[in-house]
Student: 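Sharing a structure, written as structure tokens. Questions coming.
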Amino acid sequence: MSGDVRVRFAPSPTGHLHVGGARTALFNWLFARHHRGLFILRVEDTDAARNRPEYAQAIYDGLRWLGLDWDEGPDKGGPYEPYLQSRRAERHLQVARELLQRGLAYECFCQPRTADNVADGSSLASDDGDEENVGGANSFAPKTTLACTCAKLSAEERDAKREEISPALRLRVPKGADFVVEDLVRGTVTFPNDMVEDFVLVTGDGRTLYNLAAAVDDHDMAITHVIRGEEHLANTPKQQLIYEAMGWKAPRFAHIPIILNAQRRKLSKRDGATSLVEYQAMGYVPDAVVNFLALLGWSPGGNRELLSRKELVELFDLDRVVKHPAIFDTAKLGWLNKEYIKAAPVSDLAARVTAFIDADHRRTSAGADWKIIPSYVEKVAALLHDRVKTTTEVLELGSYFFTRGPIAPDPEAVAKYCTEPVAIDRLREVRECLARLEPFETHDVEQAIRQLAAAKGIKPSEYIHPLRVAVTGKSVSPGIFEVCSILGRDVVLQRIDALVAFLRAADATAKAGR
RNA sequence: GGCCCCAUCGUCUAGAGGCCUAGGACGCCGCCCUCUCAAGGCGGAGACAGGGAUUCGAAUUCCCUUGGGGCUACCA
């Protein structure tokens, strides 16, 4: 492939960047970078009813978070400005007029068949369609075919009708031959001729429509490869028709498989976390998300799974994109993210955790009212970095590190390790042992407790488990000696006392209840 | 409904006629390690949707069936 590859990502700003769109953007970006071509961002904001300017910003933010940089776009300009589709309407109209003048399009005076009026009864919840697969159930099933005879109207008839009705413009679709799309991932796809009717280019009130706009823009922006979701496959003949009518060379097309939810449906907003920002908020790392997304519908062959951005760029190409849809498997994303966290230095994790705490305490379920000292967070991160799938899990799994007040013991943990009356004795014994321990480093705590157990002739775990419940409130934690030493003696003793009090109270209640 | 696309373990996939008693990864299960949980090590269960055809030989080619998905608009 030559060095003049130009691809584009063309979202419509109707919401945050979702994972399907992000994957389409990624494939385009990887293709561009692999072939040393250019990646262009074009915002298709022509549906005024559904677009919101702030969402364009959300899309930029999402792409930047993933590290997908674009070479030309609405915010940074380029040789084919503007990159905002709404600002190209005049150009689209110009092409439509040319088509009309040359007799390749004609005026149509029929009642519009819209989503609202064509489907009797069945509602058509308009999808967040754009150049990416978004979600939305669409039960639209038109029963009508085009019964329009406007193509045959004489000039006089048209003049007469124009008095009352402002006409739409339809492309005169050639009859006879089938339509063929040479798709880079699907091969040759043939559509029967009667499947493509004379479609509308410009509405009665003068708005240019998607197929026209997309084709014109792709041509004007010298796009060489259109890489987009499979839901656009059926649109492709229409766009090719426009290229043909205008005598333009069409780009190559590559329709990549849809991403499905766990129910095997097109991923929609109702499927939980489908927006990129949600993954950002949950503490996923961009490289892991990129790695995961790349593997959705593409594989490098062989047994490679963990791939850096650089490797992805080297390895990626369209010929290894699969044809079947892929299900978004959050479990695997979690594993990948964990691998990325483990592979990165502890200081990275610490920095991410700190950023989360700084950004918004209340965002974490654990809350964070502990004074944030970098060296402290670093120690906590070191303990948890092999155990967490996401950054925010540090705050959850290690909630007791970030809580100053009393910690509520997990009832199950209490039931498992502190039921017997003996638990209180054990706790008092460890307390006594730790109260005079100096220094209070991991090694010291461990040695003290093991010696205590040896002296009493019992297993160290007899002390360890109740201690863990006291200090963490949980039955699960990193090594308890490390935890104790990080927390410090004061906090440890305080929590032991609290648990003893709690157990006594529970015991008293139980007795009173009898 | 019509048209189009697709079909390998639960999931992501490798596989481009003999290398396949189908490989890897996630997940799951068991064992080891061990203060619990992770991490790490070892092991295990788990798939070519079905049926025809072509061929000496098919997961790989063709056809049908079934299943899934997408599209269907004066939305993108």
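Just so we're on the same page: letters track the sequence lines, and every chain starts at 1. Source: prediction; values computed, not measured.
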Student: Counting only side-chain N and O atoms of R264(A), is one of them less than 4.0 Å from OP1 or OP2 of rU11(B)?
Tutor: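 Result: yes.
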Student: Measuring only the C1' atom in each nucleotide, how far is rG46(B) from rC28(B)? A whole number of Å is fine.
Tutor: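 Nearest-Å result for rG46(B) against rC28(B) at atom C1': 9 Å.
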Student: Are E197(A) and K175(A) close enough for a salt bridge, meaning some N to O gap below 4.0 Å?
Tutor: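 No, no charged N to carboxylate O under 4.0 Å.
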Student: Got a sec, which residues hit ring-ring contact (aromatic ring centres under 6.0 Å, His included) with Y279(A), two or more places apart in sequence or on another chain?
Tutor: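 By the ring-ring contact (aromatic ring centres under 6.0 Å, His included) rule, Y279(A) matches Y284(A), F328(A).
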Student: Any donor-acceptor pair under 3.5 Å between the side chain of N51(A) and the base of rA76(B)?
Tutor: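 Absent.
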Student: Checking contacts here: which listed nucleotide (rC3(B), rA14(B), rA76(B)) is nearest the side-chain heavy atoms of L209(A)?
Tutor: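 Nearest to the side chain of L209(A) among the choices is rA76(B).
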Student: Report which part of the nucleic acid V202(A) touches: base, sugar-phosphate, or nothing (heavy-atom distance under 4.0 Å, all strands).
Tutor: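 Result for V202(A) = nothing.
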Student: For each nucleotide in nucleotides 20-40 of chain B, reading 5' to 3', give B when a protein heavy atom comes within less than 4.0 Å of its base, S when such contact involves only the sugar-phosphate, and - otherwise.
Tutor: ---BBBS--------BBBBSS
Student: Rounded to the nearest Å, what distance is computed from the CD atom of residue Q263(A) to the C1' atom of nucleotide rG68(B)?
Tutor: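 The answer, rounded to whole Å, is 14 Å.
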Student: Determine the interatomic distance between P on rC32(B) and the same-named atom on rA38(B); round to the nearest Å.
Tutor: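 It comes out at 15 Å once rounded to the nearest Å.
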Student: Provide the Watson-Crick or G-U wobble partner of rU55(B), both distances under 3.5 Å; none if there is no partner.
Tutor: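 No nucleotide pairs with rU55(B).
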Student: Given the C1' atoms of rG44(B) and rC5(B), what is the spacing between them in whole Å?
Tutor: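 It works out to 37 Å between them.
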Student: Which part of the nucleic acid, if any, lies within reach of D194(A) when heavy atoms closer than 4.0 Å are counted: base, sugar-phosphate only, or nothing?
Tutor: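 Answer is nothing: D194(A) stays at 4.0 Å or more from every strand.
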Student: Using only atom types and a distance under 3.5 Å, with no angle test, would you say the side chain of S308(A) pairs donor to acceptor with the backbone of E311(A)?
Tutor: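 Checking the backbone N and O of E311(A) against the side chain of S308(A), a donor-acceptor pair under 3.5 Å is found.
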Student: Among the candidates rU13(B), rC3(B), rG70(B), find the nucleotide nearest to the side-chain atoms of K266(A).
Tutor: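 Nearest to the side-chain atoms of K266(A), counting from C-beta on, is rG70(B).
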